[in-house]
Amino acid sequence: MIPESLKNELKARVAAALTNREAAVDVMKELQSHCGWLSDEAVVAAAEILGLSTLQVEELATFYELIYRRPVGKRVIHVCDSISCWSCGCDAILAYLRQNLGVEPGGTSADGCFTLVPCACLGNCGEGPTMMIGDTLYGRLTEERVAEILEAERKALASSNSSN
Amino acid sequence: MPKLVIDTIELEVPAGTLILEAARSVGIMIPHFCYHPALGNAGACRVCAVKLIDGPVKGIQMSCMTPVQEGMVVSTTDADAVAMRRHVIEWLMINHPHDCPVCDEGGECLLQDYTIAAGHGTRRYQGKKRTHSNQYLGEHVQHEMNRCIQCYRCVRFYQDFAGGTDLGVMGRASTIYYGRFCEGSLESPFSGNLPDLCPTGVYTDKAARFRARYWDYDMAPSLCPHCSLGCATIPAARYRELLKIMARRNDAVNGWFLCDRGRFADHGVNSPERPRTPLLDGRETTWDEALAVLATRIGELFVSHGPGSLAVVGSPRLTLEGNYQAALLAEFLQAGALCYFVERDEAAAASAVVSLLTGDTAVSLAEVEQADCIALVECDLREQGPMLLLAVRQAWRKGAKIFLVGEGSPREQTDSVSLETLRVPTLADIPLADYSTPLVIATPSGSGTADIETAVTAGAKLVFPLSGPNTFAAALLTREHRATSLAEALASGTIKGLLAFEADLPEELLSGISLLAVADRFPSAAMIKSDVFLPTTAWVEMDGTFINHEGRAQRFRKVMNPGLPIKGLDPALHPPRVHRLDAPGGEPRPAWRIIADLAERLGAEQLVEPLSGRWEFLRDLDPEGEGERIL
Amino acid sequence: MIVPLSHVLSLSGILFSLGLVCLLVWRANLIMMLIGIEIMLNAAILAFVGGSAAWGNADGQVFALFIIAMTSAEVSLALALVVFLHRRKKTVDSDEFRELGE
Amino acid sequence: MEQIVFYILAAVVVIATLFAVTERHPVHAIVYLATSFFGLAVIFYLLLAPLAAVFEVIIYAGAIMVLFLFVIMMLDLGHPEKVKRPAFRDWWPAVVLSLLILASFAVLAGMPFFGPPAAAAQIDIRGFAAVLFRNYGVAVEIISLQLLFALVGALYLGRRR
Amino acid sequence: MERILLPEIRPAAPVSFADYCAAEGFAALKRALRELSPLEVQQIVIDSGLRGRGGAGFPTGKKWSFVPRDLPGPRYLICNSDEMEPGTYKDRVLLEHNPWLLVEGLILAAYVLSVNHAFIFIRRGYETPAENLRRALAEAERAGFLGENILGSGFSLKIDLHVSAGRYICGEETALMNALEGKRANPRSKPPFPAIKGLWGGPTVVNNVETLSNIPAIIRKGPEWFRGLAAIPEAAGNKLFCFSGQVRKRICVELPLGTTLGEMLEGPAGGMEPGRTFKACIPGGASTSFFTPRHLSVPMEFDSVAKAGSRLGTGAVIFFDERTCMVAATLNLVSFYARESCGWCTPCREGLPFVREVLTRIEQGRGEPEDIEILREHVKFLSFSFCPLAPGAMGPVDGLLRHFEEEIREHIVKRRCPVRN
Amino acid sequence: MSFFADIKALILGFWTTLRHLGRRSATIQYPEEKRSPFPRFRARIVLTRDPDGEERCVACYLCSAACPVDCISMQSAERPNGRRYAAWFRINFSRCIFCGLCAEACPTMAIQMTPDYEICKRDVMDLVYEKEDLLIDGCGKDPDYNFYRHSGIGVVNPRGGNPDENPPLDVRSLLP
Amino acid sequence: MPTDTFDIMLLLAKLTLLYGLVMTAAAYLVLAERRVLAWIQDRTGPNRVGPLGLLQPLADVIKMLTKEDVCPAGADRWLYYLAPAMAAIPAILTFAVIPFGPPLTLFGRNIPLQVVDLNIGLLFFLALSSIAVYGVALGGWASNSKYALLGGIRGLAQLISYELSMALSLVPVVMLAHSFRLGDIVAAQASVPFIVYQPLAFLIFLISIAAECKRVPFDLPEAESELIAGFHAEYSGMRFGLFFVGEYINILVLGGLAATFFLGGWHGPWLPPAVWFALKVLAFAFLFIWMRGTLPRLRYDQLMHLGWKVLTPLALVNILATGWFIMVL
């Protein structure tokens, strides 16, 4: 369900751009943050907002790494597996996360909280190994620190759930 | 004009020509997947690598991305270039499913050819192959993504060239996928070109799926009989069955492409209902008897009603040969009327078209693409000539303004090729004088041509999408032989006999006719009512000439012999085991031949060559050429 | 002698005139000219043999033999000539061989 | 009996020769002529000259005519269209000449000198040879020399340059 | 040592507008707008010898001079902040510390190019820098350094901030333009070059964050001063170097161009971790060839590094100690590139997975001696791809083959990794 | 002296042939006596089945294209599961020259040649073999080969299910 | 000349007997040749028709009689039809003069075992053999085929050439026998066959008759491997059969003549004369077959060289030598 207000807001955003397409990434990101992922419905909405066909939206959506075209958990954990983090032991972190969350890369944990995705360099190479949960970066990870972070995130999720 | 050397051949080509095109012009074929003459270059496949040995640029370059420059020395056979091409083939074959035996493209597959040419034989990649799921793309196009080599030809045609919006490229890196958002029929009216364009078997023609191989096809240069544009086609037949129609390149008319209607409508050639034997009063008979009886009855008609009581009817879908012979027959018999059109309006519209179109005003489809302002006046090109729509889109891509004039011009037609249009109430509202090459596309009509005449004085060129493949010729013959419309002829009341050749006779006009002879290839009401019915060949079964909307005479060649498709004879699909000399159902004859045979029985001389007199110059027309403008 | 000598001689005469006709009529064709000569020579042989039979004398036959031997010599030379000429002009038409006269 | 055979053969000879003379086709002419020579050979036999008959066949039919045939086949003259038509304007001198000869023969035939046939007397080979070598030894030598010269001449003409 | 971009000790919060103005912020802009014509500014930049800091090292002033000044229609300036080269995080540090330098530099560049519409294209994941920038842009507009008729000079500029959705290829300038236009970020063919036909068909210049951030100081203090900053005379200016990998101090510092690798390793980077020895490093981000201990004396400057067989790239130095299997390291790099290819051209789309597969089987001990030849062929032929991504990916493979062929052979002969076990 | 050597050679020749007069003849009296053909003898053509018992022939037309005497004709068709097969397949053995090019061209090992060389009929039409006559129940040579388990278009195994294939890609996948 | 009915009846009987005998023998000679050749080549030969293939000749005759008689387009029809007869008839005719046994005394009459005893029998044979040339030449020429024409020309030249040496090799025989009559020649060999006096003439004659019947190694006119059958390439059915039969009758005739001229004809101890004669003929036939199984075909120039430069001079020398001997002794 995409509220009309959001649609109108996005239409205004599109109108402000030089061309319809210019705002495509913004529109998709907004819809994604609203829905959690870019559902088919969101694609249809984006197409309508941008004046493109659904396929043309899909062309863009499937291109970008951070547009999710599959359902994700409440938090998406991006674990950097690029060279700097790799040399600092990101493989172990990823393995720990897989074991902790009980998922394979790309999967969502059973409680629907976390989706584990390996990702390209997060630009935090000085602090490797690195992961990003939502928009928050965590560096210098160790297994204990990851456990703490997950715990904190879980708590935050639980509180936001209860507040809703 | 830069001069360069390609493989020891010195040549001079216009600036801006790509090395690949320059090489092609001297007969050197550099392999290419993503480059297509109509779509231009993309630089995606990298298989057209050549080595520049000397000149302003050196080293390995993609010949489709490099415009020629003065002093270039190009080697297509250099070891490095060959190795590069071999590697590209190896890369492309990494994920290929190796299913050529069950692939319809096998035999006409660029990838197959180049793989063999590159000598790629051993597999050095040990990983697993990537696979894709297919999509249902409608009843005409079969999708098989595993074979894809990601050359981007399909999307570049579909979205850029033809303005389709429902087929595109998804994913990135090695997940590139060409398809639709969700399964469903392709919406573009030009989607049928995908099988032609695809260098491998990703898109194949569903109608001809698993029917034959390229080398088994009966093929000949032919034309599309669907509308008046006269697009060049190559029908492919096997075992007397028309399997598919492919586009043939004709730079003056359709370029490289064909619309879906022209491609997928088989016009009942294979139809089991198609009449294939002469009928005499509704019963099957032989040609001899049918013609003899017809000749006798014409004589009887003349005795009882006088020679003026017979009308000879040609039609806009009859070949020039047939129509011209019909005129000669009418002259020979002193027939009361010669008709090419049934309705009065039609005839009037056609004659208006012929009078408006001159060598100055008529333009070809290729010239449509050069227009900078196009007005669509009261026409729906989706019906009247889809390829015209594609040409309009190309003009629009080059910056032309497109106007929709009048209520009869629906916006949906331009939407189908993603055009931006402006709507104006009348033609006069368009400032034609502001443009250098304005163009008016209008449905012909007998009345109200004043607007168009004004536009012509303002410098506009004209395109009239006509009703049939040979309407232009019918109109010309109407003028030259002072023919009338059938409705007018019958209104006089003296006509008691009709000799109709491939004409669509409305039933209400046939009352009061005492002799009705019909030659046609469709089963029609007129056929049932006819006294003598003579089956004619379809266009793929004969040689002939059509004159298209701009007055371009084009020759088409016989593709296959008439006759029932072999698979139609036996429900078990077995072809006959017994040999016979004649094809069952192979009796239809070209209309002009029927006319000539009839005339011979009525005392005329034997006819060998149907085009004579004014049309004699068309005899040697090259069917593979661009045709000849007769205006 | 089974028939009168005059009959034999008449036959010989007829043959001779036929040979003569052949020679004259086919003047354009070297081969046919030679054939005519052969016919005439045969007529002569016939006359000799007839005479020999009529008078019971071997001389006629001896002459017949001489003629035959001479003929074979003549024919072998003549045909060699024909071959030779044909090799030069690709024809056996005597009209073609008149360089001497011109 | 033998007379009848003689006349039949005479007719055969004349007709065959006539065909040979008029045939445009050289090969056919040769075959007719060979037939004629056969007939002639048998006539010789009937005229009690078996040796002449056999030589006629061996040398005339078997060698000379075959030589003709060989030359015709070798020179590819077997095509009548290649052969020049007979010059018919020359018929009349031939006919006149022939008539003259025939007439003289007729005169000869009417002379009493050529009376009815005398008694038949076979000349055996031994006698023939005796006459040949005793009476005509020089002639034999001359003929032999002539044959030798012909041989040399033919070889000279036939050699390829 | 004078630093332009980053002070040695950085405060936790970014530099505020007031602090920036206090430290001669916007002085260069004011001077340029009031005293200098665009061409004069351009000449100063040319004279300074400033080379693009995004990786290619193309002289910035020269790049600007390519833009035709007489073409009708809009022209565009893009700041490329799509910093996705593994090992590189200088833009983040820079923007987190001082976004003003970029803003001022961008305005100056726009002034030089007479651009009225500039874009900052920043990668996803740089939320803080993006936030900083947004704020800075708003404040600059409020202060009259942006918008219509800046400082009364008649020059107007609008700067849009675009946040990407994450693809390495967007860092390629033509792909970036496609991404900005809202198309799939496939690179475009060159020619036409962006300076002639770029964003929406208009002439376009794309500059890196660090490049633009250097400009205010150059205008302020003059080109000679800037040239003098470098450690060796051939180079000009300072450069941000990011250290990562197995070193003690994984930090981003500003150092004079021409500082040798050894000086960096022992100085700012603090040397290898205790008990470890230096085995190799990547000198300029993931797309560059390896350096080994014998390269420690190479001055870290564009031309010298190139002469030594690698590229300075973004100045992101990734160190590896003796525990690192170089085949595995290369495999990681190639996997990154194989994943981040846009899929446009065959060598990149199909060739990189091929190389990845070959490296995988070598790394897993399934390799054959012929595989080295396959790698070598690919180093050669992947360079003929559409854009520089595939050749960049082959940088480390090239280094692997040149410096560590023995190690590959060991993998193949021993049928296992000789380093890790 | 060569003259005597020639004479000797001549006599030797005559002697040799004379000696052979008494030799045992090497002729095989065919219908009564038969020789066993070699295992790779190229005679009567058969259509084999794959290890799963399905027809191997996919009616790709390659054999008919390769055939130098044009004795093979067929019509391909599609089964509901997407499998391509020959609706009819005909070899005219009265034309066949047993050159083996078809077997060589066959990409699916369907056409194979057997050592059965006794193909003789009173009526020429009996030499026209249809698919039913050609199809055998065994695999022939290469008994383990199944074309559809190697070509990745998902007929026998689901798409991407062959041993050397990854499962079908999902372009919408979350993985990078 | 036969004068009464009995003589005519006798003549007819002899003709019929001889004709039947010769034709049958020729037919079986074909079979014999095929089988002997097969044995030489380690094959079996025709063994299917009848016991041991003995009915094969019959089958061949039936086949030939029932085959279509084809006349090629452009052929000289008249000569084409005539040629086979011209090839076969002289061969059969020659038999008329060969004595195959001493005169029988039956019903008180002296019956010569010979159809006619010509006083010029030897010359008669030469005359007929020179006629046989026509069949080959005309058949080859009339077929309108280049192979046939080449075969015809070859045959013509070959037959003329070897006829000469053959005739010359017979001169010593005549000189020894003092007669052209074959009966006299046979009688002259009652004690010693001429082969003893004339081994060279026998050899020349043998080679010449091999060439005369166009047998291997002198089969250039029909050379299968180069001219695909030469002068009878275009013939089919019984016309081809006539050529074929003619060739085999020729073998028998020439074998008979060779026996008559050099081996003493029907003379021989212990066995009846006719049997001796038959044995001698068969020995020659076998010799021909054996030669075919052994010798390769000559080249054309070799053939001509042998005929003109070896055999003819040798024969002439032989005549001179014989004459000298006769004069001296």
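Just so it is clear, the model here is predicted, and its values are computed rather than measured. Numbered from 1 within each chain, the chains take letters A, B, ... in sequence-line order.
With a 4.5 Å cut-off on non-hydrogen atoms, F:R19 does not touch chain G at all.
Counting heavy atoms from C-beta outward, F:R24 and G:D42 have side chains that stay 4.5 Å or more apart. Taking the side chain as every heavy atom from C-beta outward, F:T16 and G:T294 never approach each other to under 4.5 Å. At a threshold of 4.5 Å between non-hydrogen side-chain atoms, the residues F:L10 and G:L295 count as touching.
F:T17 and G:W290 get closest at one heavy-atom pair: OG1-NE1, 3.0 Å. Counting all heavy atoms, side chain and backbone alike, F:P31 lies closest to G:R48 at CD-NH2, 4.2 Å. Considering all non-hydrogen atoms of both residues, F:Q29 and G:T44 come closest at NE2-OG1, 3.5 Å.
Atom CZ of G:F325 is surrounded by 12 or fewer heavy atoms from other residues, nucleotides or ligands within 6.0 Å. Crowding of F:K141 atom NZ: a count of heavy atoms from other residues, nucleotides or ligands under 6.0 Å exceeding 12. Annotation: F:F38, atom CZ; neighbour count of heavy atoms from other residues, nucleotides and ligands within 6.0 Å does not exceed 12.
The line from CG of F:L18 to CH2 of G:W39 is 12.5 Å long, rounded to the nearest 0.5 Å. How far OG1 of F:T27 is from CD of G:Q41: 10.0 Å, rounded to the nearest 0.5 Å.
For F:R49, the salt bridge (Lys or Arg N to Asp or Glu O under 4.0 Å) criterion is met by F:D137, not counting sequence neighbours.
Using a 4.5 Å cut-off between non-hydrogen atoms, no part of residues 193-214 of chain G approaches chain F.
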